[in-house]
Amino acid sequence: MAYAQSPHSSFDNPGENALGSHFNNITQFRLGVTGVIKKHWLIGAGVKLTHFSNGGYEQPNFGMNIPGFYVSAGYVPVKATFFPKNRIISKKNVSRRWGAAIQSSAARIEYVSIDGPKYFLWAASGAATFMVHRFNRAYAGVEVEHNNGVEAWLFNNTLLGNSRAEARRGARRLGIFVADEFLFGPLGIYLQASYHVGRAPLNTFAIANNYNKLAARYYFTLHQRSGLKTHLGVSLKAYKAVAESISLTSGLLF
């Protein structure tokens, strides 16, 4: 989480057009190398991209993308090696590979108008899952979403006729997706690549057909023998470099 000292204010700071809220999401992507020096010391270097946005919660939300590079040094009390020979790393296989997952999410966004009302954006998805190994899970599925802000805009401006039903259809978004999740015990880091499908007026005002999601999830085991789990998490949805929403998520894994 990041704090912006001087976000946009229509009265006090109208010239700021990148961020509209004090509190924002900060996500950093890194690509680099790490080396071991004298058993306990690590050094690293690489490139990074730092992204700031509030996920559309408050307009404006053009966000900030800052590329750069980094160097790092660290001390670890346990002897550092690139090839640890312990039981966790050596036993990656799982007894059950195929499964299924369902998920729901909800967000609040300020749609189009600065200082305007906030609307709910909700989504639900279902997917088949495949355990590549105990530290990695793959997904393929379908996702449906409804944006109340789009519905209100379409209806109030009669862009699909003076019909609430058509405005509701235009605000519905349908997508297919593939995803990959990195597992660290009960914590999952989830990456999703998606594509909108369906005939108009579905997906009206979607910024693009392609969209992505980045999520952090924490899993709770409901039934050990069956493998039934639930999760709580937070998800960032973006069209290319434009963040649309930050959602709270929950779901079941079978």
For [Y], does its backbone N or O pair with a side-chain atom of [X] as donor and acceptor, under 3.5 Å?
X	Y	result
N156	A152	yes
H8	L19	no
Q59	E110	yes
N162	T158	no
N24	H22	yes
N148	Y119	no
T230	G251	yes
D180	L191	no

> Can Y57 and I246 be said to form a side chain to side chain contact (heavy atoms under 4.5 Å, CB included), step by step?
Replying inline: CA-CA 8 Å; Y57 179 78; I246 297 175; over 6 Å; no

Nearest heavy atoms of [X] and [Y], plus distance in Å:
X	Y	result
S245	A107	CB-CB, 4.0 Å
G175	Y211	CA-OH, 4.0 Å
G55	A243	CA-CB, 4.2 Å
P14	D12	CD-C, 3.6 Å
V197	N203	O-ND2, 2.9 Å
P60	E16	CG-O, 4.1 Å

How long is the span from the [atom1] atom in [X] to the [atom2] atom in [Y], to the nearest 0.5 Å?
X	Y	atom1	atom2	answer
N210	Y239	CG	OH	10.0 Å
S10	D115	OG	CG	3.5 Å
T129	E181	OG1	CD	9.5 Å
L214	L236	CG	CG	6.0 Å
N147	W122	CG	CH2	11.0 Å
R168	L160	CZ	CG	12.5 Å

>> Taking K237 first and then E143, would you say they form a salt bridge - that is, a charged N and a carboxylate O separated by under 4.0 Å?
In response: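 The answer is no: the pair does not qualify as a salt bridge.
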
> Between E151 and R172, does at least one N-O distance fall below 4.0 Å, as a salt bridge requires?
Replying inline: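 No.
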
What I'd like to find out is whether the side chain of [X] reaches to under 4.5 Å of the side chain of [Y], using heavy atoms alone.
X	Y	result
E145	L121	yes
H231	L253	no
M131	L183	yes
V150	R173	yes
T27	N25	yes
K229	R217	no
I37	L42	no

> Which residue pairs pass the side chain to side chain donor-acceptor pair (under 3.5 Å) test when at least one of the two sits in residues 65-78, sequence neighbours left out?
Replying inline: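 Passing the test, one end in residues 65-78: H51-N65.
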
Does one hydrophobic cluster hold both [X] and [Y], with members joined at side-chain heavy-atom distances below 4.5 Å?
X	Y	result
V178	I176	no
F52	Y3	no
F23	I26	no
V33	V47	no

> Taking the six-membered ring for Trp, are Y195 and F177 ring centroids under 6.0 Å apart?
Replying inline: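 For Y195 and F177, the ring centres are not under 6.0 Å apart.
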
> Are the ring centres of Y218 and F220 closer than 6.0 Å?
Replying inline: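 Close enough - the centres of the two rings lie under 6.0 Å apart.
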
>> Test side chain to side chain contact (heavy atoms under 4.5 Å, CB included) on N136 and F182; report intermediate values, then the result.
In response: CA-CA 5 Å; N136 191 262; F182 301 93; 3.6 Å; yes

> Hey, mind stepping through Y190 and T249 against side chain to side chain contact (heavy atoms under 4.5 Å, CB included) and telling me if it holds?
Replying inline: CA-CA 12 Å; Y190 176 90; T249 69; over 6 Å; no

> Who passes side-chain hydrogen bond (donor to acceptor under 3.5 Å, both in side chains) against R97, sequence neighbours left out?
Replying inline: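 Residues passing side-chain hydrogen bond (donor to acceptor under 3.5 Å, both in side chains) with R97: none at all.
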
>> Among residues at least two apart in sequence or on other chains, which ones pass side-chain hydrogen bond (donor to acceptor under 3.5 Å, both in side chains) with S194?
In response: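 So S194 forms a side-chain hydrogen bond (donor to acceptor under 3.5 Å, both in side chains) with Q192.
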
> How far apart are the C-alpha atoms of L159 and F205, what are their side-chain angles, what is the distance that settles it, and do they pass the side chain to side chain contact (heavy atoms under 4.5 Å, CB included) test?
Replying inline: CA-CA 11 Å; L159 297 179; F205 291 158; 3.6 Å; yes

> Quick one: is the NZ or CZ of R108 closer than 6.0 Å to the six-membered ring centre of F120, and within 45° of its axis?
Replying inline: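 Yes, a cation-pi geometry holds between R108 and F120.
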
